[in-house]
Every structure is written in structure tokens, then in C-alpha cells.
Amino acid sequence: MAEPASSTPFEGLGQHFMLSDNEGHASLVMAEYEAIADRIADDGCRRVLDWGCGFGYVAQFLRERGVDVVMYDYAPDAGGTREVPLTRFPGVTVTVSDDPIVLPYPDGDFDAVLSLGTLEHVSHPEHSLAEIHRVLRASGRFYCYKLPNLHSWVEFAARKTGRYYHGKHDFDRVYTMHSARQMISKNGFDILDARYRNILPLHQASKVVPRARIPLVRRVSDALTATPGLRRLSTNVELVAVRR
């Protein structure tokens, strides 16, 4: 079957600068997404909100692991709140809304909320975190992945070579480990786990790493991001927190 002509996951909606579907062809990215799905499923989270779901890859991995996933994304030209089809997964729909903050779900509706490359792009992080806190049940978990690290060598290289980097567009933000922990903690969460991740650029490395070598490359990257001093240059900060 031919690929859809649109490069956005939301049929009939306009293009957003972050919505370019190259993840599906990046083997290291897909391996990371599967590991995230494993973590959430292994933690026993049965109903999960994929907040800022994009093309739905992680949601699909979660579904394959028996997790009930609700997919949501912000689309400024959505014309309200509505369901739209995903181009990558026929028969699957995502809720989109033109409200950048308010979530269309009742209090305590979810065991967990996943933010994968989303929190750094919102207009008011503290307001979005308040909404995430609201829709989580008591002791529900917040998985915050791919917060861009202020000291990342990848971000530095991107700025120097004219590529996209976080901070180039409105509402883009970068974080340190301290500022990320502080932001999430002061908005009603207790941090369970916080770490640096991905000292290697996953998209670029995926172009040269054979599929059979993915586990080895992931182990090497994890070892580098665990090295004091060197880990501060990692691409991302990631945190897992529990709702107070």
C-alpha cells in the first residue's frame, strides 16, 4: 500500500514543524520506544494517556503489551476537540484539541501519563503539569522522556551547523537535571527515577548501525551516559515521577 501523501499524522490538519515521520525508519529510536513501552507495562500501568502522541509508535508498542492507551495531541487548527485517524495505523484514532493546556478527561482517569518529547514544547509547563496531575489517579505515574539537556553536545552541534535545535522556536525549552527535577517536583510529583540518556544521536546513528548491532550500541550508549562528567553531555534528561 502506498504511503499517505500527508507528512502529518492528522488527516486534514496543517503541518507542524515537529511532525516529520522519520522515526519509523530509525532502528535505534524504535528500540528506545520499545524499551519505554516495556518499562510502563512492567510497572503495571493498565490505562495510559500518551500526551503528545505524534505518529503513535509508542502507543502501538504499548497496545501490543496489553496496555489500554488513550492517544492525545495538540493541534492548533483542530477547530475544537475531535477524533482524527492516524495515517500510520489504519483504524486507530487520536484525540486532538486546539486548547494548548486543558485535557478533555475527568479527574483521576489514568494510571500513567507519558510525555515523550512533549513537555519541552508547551506554552506553560506548570499549567500542563497541573492538568497531568489532575487526570492521574492517586499515586499515578508520570513518565517524562526526551527532555532536551541544556549541556548536550548534540544540541551544541546542531546550533553550530544550522540544524534544528531546541530553543529555536517559540516555547522550546532545554533543561538541566536540576531544573527538570525542580519543575516536576514543585508541581505535585515525587521523583522516582531521574537519569541522563542518549549520548549518541539516535537518528544519525541509525543510518550506520546494522540492526543486529542495536543491543550492543544501546549498551555502549548507556555505559557512556552513566559515566560521571561525560553524562552531562547526553542528549536527554528523563524522569519518572509519582503523583502526590
Side-chain angles (χ1 to χ4, degrees), residues 8-10 16-43 45 47-65 67-75 86 88-89 92 94-97 100 103 105 110-122 125 128-129 131-133 135-136 140-149 152 154-155 164 166 171-175 180 183-184 189 191-198 200-203 206 218 221 225 234-241:
T8 173
F10 312 130
H16 186 279
F17 73 91
M18 288 300 295
L19 297 178
S20 57
D21 188 11
N22 50 13
E23 282 87 357
H25 304 291
S27 54
L28 284 168
V29 175
M30 289 295 101
E32 180 178 52
Y33 286 0
E34 287 205 69
I36 291 170
D38 284 337
R39 168 71 189 268
I40 294 172
D42 289 346
D43 283 346
C45 302
R47 180 168 168 81
V48 176
L49 174 64
D50 187 354
W51 178 64
C53 63
F55 285 85
Y57 290 108
V58 177
Q60 179 62 21
F61 288 136
L62 285 167
R63 282 192 294 269
E64 291 171 358
R65 288 153 177 79
V67 177
D68 176 19
V69 186
V70 175
M71 301 172 66
Y72 174 87
D73 216 321
Y74 167 64
L86 280 177
R88 283 290 168 190
F89 300 102
V92 177
V94 54
T95 301
V96 296
S97 174
L103 298 173
Y105 307 107
F110 298 99
D111 298 321
V113 174
L114 169 64
S115 168
L116 179 63
T118 301
L119 185 60
E120 67 271 21
H121 298 297
V122 300
S128 290
L129 285 168
E131 274 294 276
I132 290 170
H133 188 277
V135 302
L136 278 171
R141 295 198 175 198
F142 177 45
Y143 296 87
C144 187
Y145 289 93
K146 288 193 175 296
L147 279 181
N149 176 24
S152 164
V154 173
E155 295 279 344
Y164 170 75
H166 291 90
F171 306 135
D172 277 0
R173 291 174 175 82
V174 290
Y175 292 89
M183 174 183 64
I184 291 175
F189 295 89
I191 306 297
L192 298 178
D193 184 23
R195 68 183 67 189
Y196 292 100
R197 181 69 75 185
N198 299 328
L200 300 178
L202 298 186
H203 286 285
S206 292
R218 284 178 57 81
S221 182
T225 55
S234 298
T235 308
N236 306 119
V237 174
E238 64 181 41
L239 304 97
V240 178

Looking at [X] and [Y], what are the two nearest heavy atoms and their distance?
X      : Y      : answer
Met71  : Val92  : SD-CG1, 3.8 Å
Ala41  : Val67  : CB-CG2, 4.1 Å
Gly56  : Leu86  : CA-CD1, 4.3 Å
Phe142 : Ile184 : CE2-CD1, 4.1 Å
Ser115 : Leu119 : OG-N, 3.2 Å
Gln60  : Phe89  : CG-CE2, 3.5 Å

I'd like to know if the side chain of [X] and the backbone of [Y] have a donor-acceptor N/O pair within less than 3.5 Å.
X      : Y      : answer
Thr235 : Asn198 : yes
Ser234 : Asn236 : no
Asp73  : Gly54  : yes

Mind checking whether [X] and [Y] have side chains closer than 4.5 Å, heavy atoms only?
X      : Y      : value
Leu114 : Ile40  : yes
Val135 : Val113 : yes
Val237 : Leu239 : yes
Glu34  : Arg65  : yes

**OP:** Mind running side chain to side chain contact (heavy atoms under 4.5 Å, CB included) on Val122 and Trp51 for me, showing each step along the way?
**Re:** CA-CA 11 Å; Val122 300; Trp51 178 64; 3.7 Å; yes

Using a strict cut-off of less than 4.0 Å between a Lys/Arg side-chain nitrogen and an Asp/Glu carboxylate oxygen, indicate whether [X] and [Y] qualify as a salt bridge.
X      : Y      : result
Glu32  : Lys146 : yes
Asp68  : Arg47  : yes
Glu238 : Arg197 : yes
Arg141 : Asp111 : no

**OP:** Step by step, work out the side chain to side chain contact (heavy atoms under 4.5 Å, CB included) result for Val48 and Tyr143.
**Re:** CA-CA 10 Å; Val48 176; Tyr143 296 87; over 6 Å; no

To the nearest 0.5 Å, what is the distance between [atom1] ([X]) and [atom2] ([Y])?
X      : Y      : atom1 : atom2 : value
Tyr72  : Ser97  : OH    : OG    : 4.0 Å
Tyr57  : Leu116 : OH    : CG    : 13.0 Å
Tyr105 : Leu49  : OH    : CG    : 5.5 Å
Phe189 : Cys144 : CZ    : SG    : 9.5 Å

**OP:** Would you sort out whether Phe61 and Tyr33 count as a ring-ring contact (aromatic ring centres under 6.0 Å, His included), showing the intermediate values?
**Re:** CA-CA 8 Å; Phe61 288 136; Tyr33 286 0; 7.2 Å; no

Original post:
Residues in salt bridge (Lys or Arg N to Asp or Glu O under 4.0 Å) with Asp193, at least two apart?
Top reply: Arg39, Arg195

**OP:** Using the side chain to side chain contact (heavy atoms under 4.5 Å, CB included) rule, take Tyr145 and Thr118 through it: C-alpha gap first, then chi angles, then the decisive distance, then the call.
**Re:** CA-CA 8 Å; Tyr145 289 93; Thr118 301; over 6 Å; no

